[in-house]
Structure formats: structure tokens, C-alpha cells
Amino acid sequence: MTAYIVRRVLYAIPILIGVNLITFALFFVVNTPDDMARMQLGAKRVTPEAIEKWKAERGYDRPLLWNAQAAGAGKLADTIFFEKSVKLFLFDFGNADDGRNIRHEILSRMGPSLALAIPVFLIGIAANVTMAMLVAFFRATAIDLWGVVLAVSMMSVSTLFYIIGGQYLVAKSWSLVPISGYQEGLDALKFVVLPVVVGVVSGIGSGVRWYRTIFLEEMGRDYVRTARAKGLAETTVLFRHVLKNAMIPILTGAVVVIPLLFMGSLLSESFFGIPGLGSYTIDAIQAQDFAVVRSMVFLGSVLYIAGLILTDVSYTLVDPRVRLA
Amino acid sequence: MMPVVLWTDALLWLAVAAVAAYAAHARRKPHLAAPWRRVARSPAGMAAAVVLSAYVAVGLLDSLHYRPALARGDADGRTAYSVEVRSALDALLEPLRTRTEKTYSAPLATRSFARETLELADGRVQREFPRLRFGGAHLADEADRAADIALRAAGGVLAAAAVWAAVALAAARRIARRRASTVAAAWRAVWRGETELPWRAMLVTAGALLALAFPAAFLAAGYHVLGTDKVGQDVLYLALKSVRTALVIGGLTTLVMLPFAILLGISAGYFKGWVDDAIQYVYTTLNSIPAVLLIAAAVLMMQVYIDTHPELFPTAAQRADLRLLFLAVILGLTSWTGLARLLRGETLKLAELEYIQAARAFGVGDARIVTRHILPNVMHLVIVALVMDFSGLVLAEAVLSYVGVGVDPTMTSFGTMINAARLELAREPMVWWALAAAFGFMFTLVLAANLFADAVRDAFDPRTRVGGAPAPAAGTAR
């Protein structure tokens, strides 16, 4: 088991190097730092001095890969590639355009992100599984048909409309909760309730449909027929047998997103003014803060790979038939 | 006028040609036509197809671009052409496009949404809601508005009923001829749902579409049916223009993704060994970057490129168009991994089967085995993936536009419409119509695409006895 995990972590390294190369190519090779400087400074103030100053402030005034002027190890280390890309492996993200340290910013914004993402994740799975089971229990009846119709309709609505509609109804018309904002501690509750509800509701359509197929697949298996044949009630079959077995694909499918919860939700956070990593990312994209976007790309990949490893490990934990060699 | 072929136009028409060629080919091959016949028997699928074809018609009309000739020629007497690029749809909707108000106005309103300071005839100054320049301008007395609207709507419904009756009669005639029965008997069969094609569902859907379209067209002659936006543009016009953007994003992205997915997926599964390792490495790496971030990073870099190379983009329309194309390419490059993985798995399985081994034993080359024996047997996966991805991409466009990495801000799309409208919800009274229009048009398109995709999947997927679905769509922007 340990050997397997170690092997998987080692396997992650070439992938992270690949991610790093892709972002490096995207950010520094497709466009030179001069192009970026010109874009950010705007058309009017572009003078060679201004560009040099902009590059020097951000450390883009070094050579890309090989610094012939530096001495010794500096030939490799005193370059954009080393400063901006290799240091990502040490989680040293450098500073954002507003001068703040990106790592510090990420650490302080994880809290609010998780305060929103964890409830959405847990309540969402509970709601989806419950409803999918209900629909599967009444399979091939009117409830099943209309349940699926409702699910397909709900997944055809853009998330933007769920957020806008929720904000309008709950926060503006009924004034139950503040429209947006965030506070630390227990006060966070009243700010987080609406985004959580919106997040759960917007995921129900695709969730119910997906879990329903898992339940139906499980219900077609032989052990279910055996259980029915020995006279068990349909509810007993569903709760004691089908649910337990269906939890294997459900849990392992859900595990992969757990690390990504840290990244927060792009849309909800920015609409509801929650100072998490999602809104940080959106702000950086809109302000064209390349350093922050690059850091978030790297962080996102690390978390995704962690999710993949967790998934494989969770297979062995919930399903004793799976052995990792 | 001078025809203009934008990049996305060319590719869109190429896609149409490819679909037509495939349809002509599949028609002659019973094994290819069989699953499509199953699709054609699904009422929900065919009803969705009717809606989709209406959208496609609008989108294709909007893809015939030209530059109108100016009334005055240039100095040498030759015809000069406007720098503005228009489409056939613009020509069709000329009144909607040109009759702009000053600012917001509610649907079917005769007066503006915002107060203005008006100077009355006797010199007094008063703040009131001014009459619109075009909305209801033909009314001498505003009190007649309700009657006028009712009259126009009734006219629209009558026209819709006439067209619908003609279509229904033609359908019934065709069925009657095929069954060698009377038209009345054929009509009864349609109405009881006893025809092979689900004519009842299709006719009901077409009737609903006509009943919406005709009254809207009759009313649009005198009013702004869905109101106007901040700069006074007709919202109905904007919504219709958004359709093309959505189709391009949904359609061209899959077109970009296909070659990558098919080529790399099948080679990985067929050649195994280091080819497989390399391809798996590439798609795991691409997959591990969160899709929104990769798209955002690529679009940011594209913006820098466009901004620093203005000489490559002569007109605003061309720049917006290339940006749209880039967006489709970027979305395609990030979304081929799911299908490639699926194809690799299927090819691994197929390559072990006896008929492939027999082909190898006969000395058939790799290229021929792949194209003649493997590709046809994975095509059902490709078709299912194509239709399943479409709706997700339309939804993703709206989100990306909100994030600021979507289409060019000057290009009309559902995303830019929502973006412009959402800030106005805080107004009192609320400006709801632009948002409602975007919601209605987008929801209908995505719902129809989803229903059609379900029908296609059920028909093509051999595992449908339990309604089993492939893995949920790879995490595109949510």
C-alpha cells in the first residue's frame, strides 16, 4: 500500500513538470514579456523605459532559459524559467501585481473557500443520492419519468441563472440574508447559507441523473434478484443491499474533487462577494495578473493529482475486492 | 454587396457539409442507418430535433456575411463597400436592427423606461417618461395599445395556424400515400401516435414554435417585443444574434476536438507501448489543469497577442470572429481528453478480437486495419460524445464570458447578454427582460440539445437496457 502511494506520488512529478512547461510556454514563449508589458501599460504610456521598469518590477528582465552573463549556477538559476516556474514546486509563488505575497494570500483565502465548498459538497451528495434513490425506487413509473424530465430541465439552466435568481428572490425580494459579503467566525453562517443552497440546487439536475443510472445498474445485478427471491421487501433490498454497493462508485467518484474544494467556486464566490480563492482567481483573470493565474494553474493541478491518488486509495478502502499491487 | 467569408462561417458551412455527406452515406448503409432510425422513433428526440433545426436555421442565416454597397461610390466612380459586415439575418431583421431607442424600454412599451426632462409647448419644463421613437410610434392614442397588441397577436396566431395546418396536411398526405389509406385515416393515426415517426410530437413542437414566432414577428413590426437594452437595441434582435455564437462554440469546438481525440485515442489503444505511454502522459497532464484556468490562461495570452498585433485584424468583425475561433480552438484543445480516453479503452478491447487478429494474419497493414476495422467500430462513441458535449459547451460560453475570458465584448452572445443584464437587476423597478430573453433562448437550446443527445445515446449505446451512461462529461467550466 505504502509502496503504491509512493509510486503514484513519484508518477505525479513528470505530470507536474509537464503542467509547468505548458504554463511556461503559454505565458512566456507565445508572448514575450515585452508584449505583456505593452498590453498592461496601455497604448499611450508605452516607452522603452516604461517597459523595462515594468519588467524589472516583476523580475521579467532576465533571460528566458539561460543566463550567459551570470556566474556558476547563476547561469541556470538567474532566469525567468527558474525564478517563475521551478520555484512553483516549492510553493514559492512570488508577489502579485499589487505587491502582496501570493502564498500568504492563498493561505488566508482558503478558509472562506472551504466554508462554502465543504457544505455544498456534503449536502449536495446527500441530496443527490437521496433523490436519485427515490427516483430509482419508483423506476418505470410516472415519478421516475417526471423526475428525469425535471433533472434534465434543471441541468439545462445555466449556473449563472441559479445564482442571479437566488440572489434576487431570497436576498433582495424576501431580504432573508445579505446579498453578498463575508465575515469571519459564526457570522459567516448568514452569508454562506444562500450560496450553499444555490450551489446544491444547481448541481441537483446532473447529479440525480448520474446517480440514478448507478442505482439502476446496481439493481440489475444478480445479488438483487437473489435478495428479492428470498422474499426481502423492496425497501430492505434498496437500503441494505443496493445502497451499500452503489456507495462504491458514488464515493470513489466523489473523492476526486475533495482536494479541489480548496480552490473554491469561481462563480459563487465572486457573485456573493466571498473572499476565497475562486474570487481571487477571477479578480486576477480580470485584472490580467499573470503571476496569480500561473500560481492557481499550478495549485489546481497539484490538487487534481492529489485527488486522483486519493481516488485509487479509496477504492481499496471501500471495496475489499480491489487490491493495489 | 460584397460577400465576406469569415473564418467561422467557412468552418460552420464545412461542418454542415460534413454532416450532409455523413447523412447521405449513412442512408445507403443499413447498419449505419439503423441507430438513426431508432433516434427518429423517439418522440422527445424528434421534438428536440425540430427545435434544434429552428436554431440552426437562424444560426446559418446569420453565417452568410456581406459588406453592403454604399450609396455613393468612391472618387473613381467604383462602388464602395461599407466597413460594417452584415449577415443575411441582419438583412431579414433590418427593422429590428436599425430601430434603436435611447435606452431601456420594457417589452411592448410605448414609453421609455427612464424619465427625461422635456420642454413642453408652453415653455414649462417637466420630467416624464418620453414616448419611444419606434415602439408603438404608429399609435395616435396610447390608449389603443392593448387593442392594437391583441389585434396583432391574433393576426400572428392566425397566420401561425394557417402555416401549421399546411404543414400538418402535407405530413398527413405523405403518410396516407405511403400507407395507401385516406388522408383522414392517416390524420387519425398521427393523432393517436400510431405512426412510425413520432409525427404527433413533432407537429405539436412545430405548432408551439410557430405560435411563438408569428405573433412575435407581427408585433415586432410595431413594438420592441422583448424590450430594449441599455443603449436601446432591440433585445429580440440580440437574442437571435446570440444563437450563432452559441452554435459556433458548441459546433466548432467539437470539430476541433475530433481529429485529436480520434487520432490520439486510437493510436494509443492500437500501438500500445511507448506511443500509449506518451499519449496518456499528454492527456493526463492537460486534464490535470483545471479547465477554466487553462482556458483563462490561454485566452489571456491570446488577448495579449491580438492587442500587440493589430495589423493582422483589419476590421472589428474580423477580430471578434478570430477571437471566437480561437476560443473554440482552445475549448477543443482542453476537451479532447475525455473522448480520447474512451476511444483508447475501446480500441484496446477491439484490437484483441479475432477479426483484427485474422486481418493481421492476412498481412493487412496497420493503417488499413485502423481505418477499415477499428474506426467504424468506435464511431458510435464519437457520435454520442459529439452530441453530448454540445449543451455543456453552450453553457460554458456564458460562464466564460462572465469570467471575462469568453467571446469578444463586441460580439453578441448569451454570455455577454447576461453579463450586461445582471447589473440592472438592482434597479427599481427592475430591468428583467434582457435576462429573461437570454434565459428563455438559452434554456430552450440547451434543453433541446440535451434531449436530442439522450435520444442519440439511447439509440447508439449498446448498454442502454439499464440506461447506463458513460462517465459524466469531463469537468468543463461549471
Side-chain angles (χ1 to χ4, degrees), chain A residues 12 14-19 21-23 26-27 30-31 34-36 38-39 43 152-153 155-161 164 167-168 172 202-203 206 209-210 212-213 216-217 219-220 253 257 260 263 265-267 270-271 281-282 285-286 288 290 293-294 296-297 300-305 308, chain B residues 44 281-282 284-290 292-294 296-305 307-309 391 394-395 398-399 402-405 414-415 418-419 421-422 425-426 430 432 435 438-439 442-451 454 465-469 471-473 475 477-478:
Chain A
I15 291 176
L16 284 177
I17 293 176
V19 170
L21 287 176
I22 290 178
T23 44
L26 258 180
F27 280 90
V30 175
N31 296 289
D34 286 48
D35 290 335
M36 283 193 273
R38 231 169 274 146
M39 162 100 175
V152 174
S153 309
M155 61 187 259
S156 303
V157 177
S158 170
T159 323
L160 292 169
F161 288 115
I164 295 172
Q167 269 186 332
Y168 184 76
K172 192 168 172 236
S202 65
S206 50
R209 217 168 75 117
W210 170 234
R212 171 181 169 273
T213 62
L216 288 186
E217 205 161 329
M219 281 171 158
V257 299
L260 284 174
M263 297 285 287
S265 147
L266 287 180
L267 291 183
S270 81
F271 265 97
T281 314
I282 282 212
I285 292 173
Q286 282 168 353
Q288 308 196 321
F290 305 110
V293 175
R294 216 166 43 230
M296 298 309 287
V297 167
S301 326
V302 171
L303 293 173
Y304 177 81
I305 293 169
L308 287 185
Chain B
Y281 171 72
V282 170
T284 317
T285 307
L286 272 180
N287 229 4
S288 67
I289 305 176
V292 187
L293 282 171
L294 184 57
V299 171
L300 273 186
M301 287 305 114
M302 178 191 80
Q303 272 172 358
V304 175
Y305 186 80
D307 277 19
T308 48
H309 297 82
S391 57
V394 175
L395 290 176
V399 172
Y402 169 74
V403 178
V405 293
F414 292 127
I418 297 170
N419 226 349
R422 91 197 143 81
L425 280 181
M430 175 169 75
W432 51 269
L435 209 58
F439 172 80
M442 201 170 152
F443 175 70
T444 316
L445 174 62
V446 175
L447 183 63
N450 274 333
L451 290 175
D454 276 4
R465 24 184 188 80
V466 291
R478 273 187 302 155

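Chain A is the first sequence line, chain B the second, and so forth, proteins listed ahead of strands; every chain is numbered from 1.
For M155(A), the parts lying near chain B are the backbone and the side chain together; criterion is any non-hydrogen pair under 4.5 Å. In this structure, the portions of I285(A) lying under 4.5 Å from any heavy atom of chain B include both its backbone and its side chain. Interface remark: S270(A) contributes backbone and side-chain atoms alike to the contact with chain B (heavy atom separation under 4.5 Å). L435(B) touches chain A through backbone and side chain together, each having a heavy atom under 4.5 Å away. Heavy-atom distances place the side chain of I305(A), and not its backbone, under 4.5 Å from chain B. At a 4.5 Å heavy-atom cutoff, the contact between V405(B) and chain A is made by side-chain atoms alone. Using a 4.5 Å cut-off between heavy atoms, L447(B) contacts chain A through both its backbone and its side chain.
Between Y304(A) and P290(B) there is no side-chain heavy-atom pair separated by less than 4.5 Å. Using a 4.5 Å heavy-atom threshold, the side chains of S153(A) and F443(B) count as touching.
Contacts of F271(A) classified as ring pair (Phe, Tyr, Trp, His ring centres under 6.0 Å), with partners at least two apart in sequence or in another chain: Y402(B). By the salt bridge (charged side-chain N to carboxylate O under 4.0 Å, His left out) test, R294(A) is found to be paired with no residue, residues two or more places apart in sequence or in another chain being considered.
The greatest number of non-hydrogen atom pairs below 4.5 Å with chain B, out of V293(A), T23(A), V19(A), is found for V19(A). By number of non-hydrogen pairs under 4.5 angstrom with chain A, the leading residue of L286(B), D454(B), T284(B), L451(B) is D454(B). Taking chain A as the reference chain and counting heavy-atom pairs below 4.5 Å, the highest number among A449(B), S288(B), A298(B) is found for S288(B).
Rounding to the nearest 0.5 Å places CD1 of I164(A) at 10.0 Å from CG of L267(A). Here the straight-line distance linking atom CZ of F161(A) with atom CG of L395(B) works out to 9.5 Å at 0.5 Å rounding.
Here the closest heavy-atom approach between residue S156(A) and residue N450(B) is recorded as OG-ND2, 3.0 Å.
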